[in-house]
Amino acid sequence: MRTSFFSKLFIIWCLLTGITGIQNVWAETIPAASDPGFNRIDDGIKFIYSNYYGKRTDLQYQFSWVTPETVCSTEKNNEGQDIIKLSTFDSQFIAFYSEEASEPNIKIETSSIDYINIDIYLSEKIDELNIKLHAPDSKPVYGYTVSTDNVGGELLPDSWHTLRIPLSEFEYVRGENQLEQINSIELTVVDKSGSSAKGQVTAYLDNIFFYKEKNPSPTSIKAAPVPIRQSSNVKNFYSTKYGTGISMEYLPWGSPTVKSVVKDENEKDILKFSNLGWMGIQYNPDNNLLNISGKDRLHLEVYPETNISFAVKLILYKDRVGGFRMRFQRNSHLRILLAVNGILLR
C-alpha cells in the first residue's frame with residue numbers, strides 16, 4: 001500500500017521531534033514561594049531554610065524510626081532556587097543540632113522569637129498538618145495542628161500555603177517544663193477523612209524560619225474634617241486650620257491626664273490627652289478672659305481610641321453653663337456643636 005504524501009510528512013515530523021507514538025510529557029516545575037516581606041534584622045529572623053533569608057548548614061532530615069519513611073531531597077523551582085522536597089510524605093523531622101556545625105546559635109531560644117513561618121506546597125489535598133517543636137535532650141515537646149482556619153481555606157494542592165503561627169498557640173505534647181529552646185521541627189500529615197493522603201503526598205517547603213513580633217506602630221489618626229467657616233467669624237482655641245499657637249493652660253483637676261502633641265495622617269499637630277479623666281482647658285491664662293461676644297456656638301472635634309462617654313461643660317466668667325454627655329465610638333471623629341446657652345445642636 002502506498003503511503004500518502006501527508007503520512008510521509010507526519011512520519012518525518014515525528015522522527016524530528018522524537019514523539020513517534022509517544023506523548024511528550026513535560027516535568028512540572030514548582031513555582032517559587034513569595035518573598036515573605038520581612039526585614040531579617042528588624043524582625044529578628046532565625047532562619048532554618050529560606051531562599052530569602054538563609055539556609056542552615058547543620059540540618060538533618062532522615063531518621064530510621066519513621067515508617068513509611070519520607071524521602072527528603074531538594075528540587076529546583078521555576079526560578080532555579082533549591083527547595084526542600086518530601087516524597088511519600090507522612091511524617092518528617094527537620095533537626096538542627098549538629099555539635100560540629102560552625103554556625104552560631106545552634107538552638108533557637110524562644111525568648112527571642114514569637115512566631116514560626118512555614119511555606120508548604122502540596123501535590124495532594126490534606127486535611128490538616130501537625131507541627132511539633134522539640135526541645136533538646138528529649139525535653140518538652142509542643143504541638144499545633146494547622147487547619148483551614150490558618151490558611152483561610154482548605155490545604156489544597158498546586159499552590160503555596162503560608163503558615164504563620166504564634167508560639168503561644170502551641171500546647172504541651174510531652175514534658176512539664178516550658179519550652180525555652182527549639183532544635184527540631186516535626187511535620188506530620190493528618191488524615192481525618194480517610195483519603196489515605198498519608199504517605200501519598202509530595203510536599204515542598206521553603207521559608208522555614210522564626211521571627212519576633214514588632215512593637216506595634218502607632219495607629220494612624222485620621223485628620224479631622226476641615227471647618228468651613230471663615231476665620232473672621234471664629235474665636236479660635238486650637239485648630240489645624242485657624243491656628244495652633246494660642247496660649248492655653250491645661251488643668252488636670254485631680255485626674256492623671258497627660259497632655260501631648262502628636263501628628264495626624266496629614267502630619268498636622270493635634271492635641272492628645274492620655275489617661276483622660278476630668279480636666280479643664282483654660283484660654284489665655286494671662287487674663288483668664290475670652291471675649292466671645294457675637295459667638296454662640298462651640299465647635300469641638302473628638303477622636304477617642306476607645307468607646308467612651310464624654311461630657312463637655314463651658315465655664316463662663318462668673319458663671320457656669322450646663323453642658324451635655326454622649327457616647328463616642330473609637331477611632332472616628334465626632335463633631336460637637338454646643339450652644340453657649342447649653343442647647344446641643346447637631
Side-chain angles (χ1 to χ4, degrees), residues 37-39 42-43 212-346:
F38 290 93
N39 182 285
D42 294 345
D43 294 293
K212 190 169 186 65
E213 184 176 27
K214 284 183 178 179
N215 293 327
S217 58
T219 303
S220 177
I221 302 173
K222 293 182 180 179
V226 179
I228 60 175
R229 296 185 182 275
Q230 295 183 358
S231 57
S232 58
N233 294 328
V234 172
K235 181 64 70 172
N236 182 40
F237 268 61
Y238 188 100
S239 171
T240 55
K241 177 179 179 179
Y242 303 122
T244 59
I246 307 300
S247 177
M248 289 186 289
E249 185 175 353
Y250 302 93
L251 311 173
W253 286 346
S255 71
T257 302
V258 178
K259 175 258 178 183
S260 60
V261 176
V262 297
K263 301 287 187 183
D264 65 13
E265 62 182 351
N266 295 333
E267 293 298 312
K268 299 286 188 179
D269 288 335
I270 57 176
L271 298 177
K272 177 180 179 179
F273 298 98
S274 305
N275 304 317
L276 179 61
W278 182 37
M279 66 163 296
I281 302 177
Q282 182 172 294
Y283 184 94
N284 193 1
D286 293 333
N287 57 26
N288 299 327
L289 295 175
L290 172 64
N291 184 356
I292 59 171
S293 60
K295 308 296 185 291
D296 58 2
R297 298 289 186 275
L298 170 68
H299 180 122
L300 176 66
E301 297 277 354
V302 180
Y303 186 93
E305 291 183 346
T306 58
N307 296 339
I308 61 172
S309 292
F310 192 74
V312 178
K313 287 187 178 181
L314 298 180
I315 302 176
L316 302 184
Y317 182 57
K318 294 184 179 180
D319 194 5
R320 174 172 295 186
V321 176
F324 75 101
R325 179 186 301 270
M326 66 182 304
R327 291 285 298 174
F328 280 71
Q329 298 295 320
R330 66 185 181 92
N331 295 338
S332 61
H333 279 284
L334 181 61
R335 175 171 296 175
I336 300 171
L337 294 176
L338 180 64
V340 174
N341 62 8
I343 300 175
L344 175 63
L345 302 177
R346 298 185 64 191

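The chain is numbered in sequence order, starting from 1.
We find that Lys263 and Asp269 are joined by a salt bridge, their nearest charged nitrogen and carboxylate oxygen being less than 4.0 Å apart.
Residue Asn236 comes nearest to Gly243 through the heavy atom pair ND2-O, 2.8 Å, listed as atom of the first residue, atom of the second, then distance.
Put simply, the side chain of Asn233 never gets that close to the backbone of Arg229: no donor and acceptor are under 3.5 Å apart. For Asn39 (side chain) and Asp43 (main-chain N/O), no donor-acceptor pair under 3.5 Å exists by modelled atom type.
The OG atom of Ser239 lies 11.5 Å from the CD1 atom of Ile270; values are rounded to the nearest 0.5 Å. Note that CD of Gln230 is 9.0 Å distant from OH of Tyr242, once rounded to the nearest 0.5 Å. Rounding to the nearest 0.5 Å gives a distance of 9.5 Å between CD of Glu301 and OG1 of Thr240.
Residue-environment remark: NZ (Lys212) exceeds the threshold of 12 foreign heavy atoms within 6.0 Å. The environment of Glu265 atom CD is dense: over 12 non-hydrogen atoms of other residues, nucleotides or ligands sit within 6.0 angstrom.
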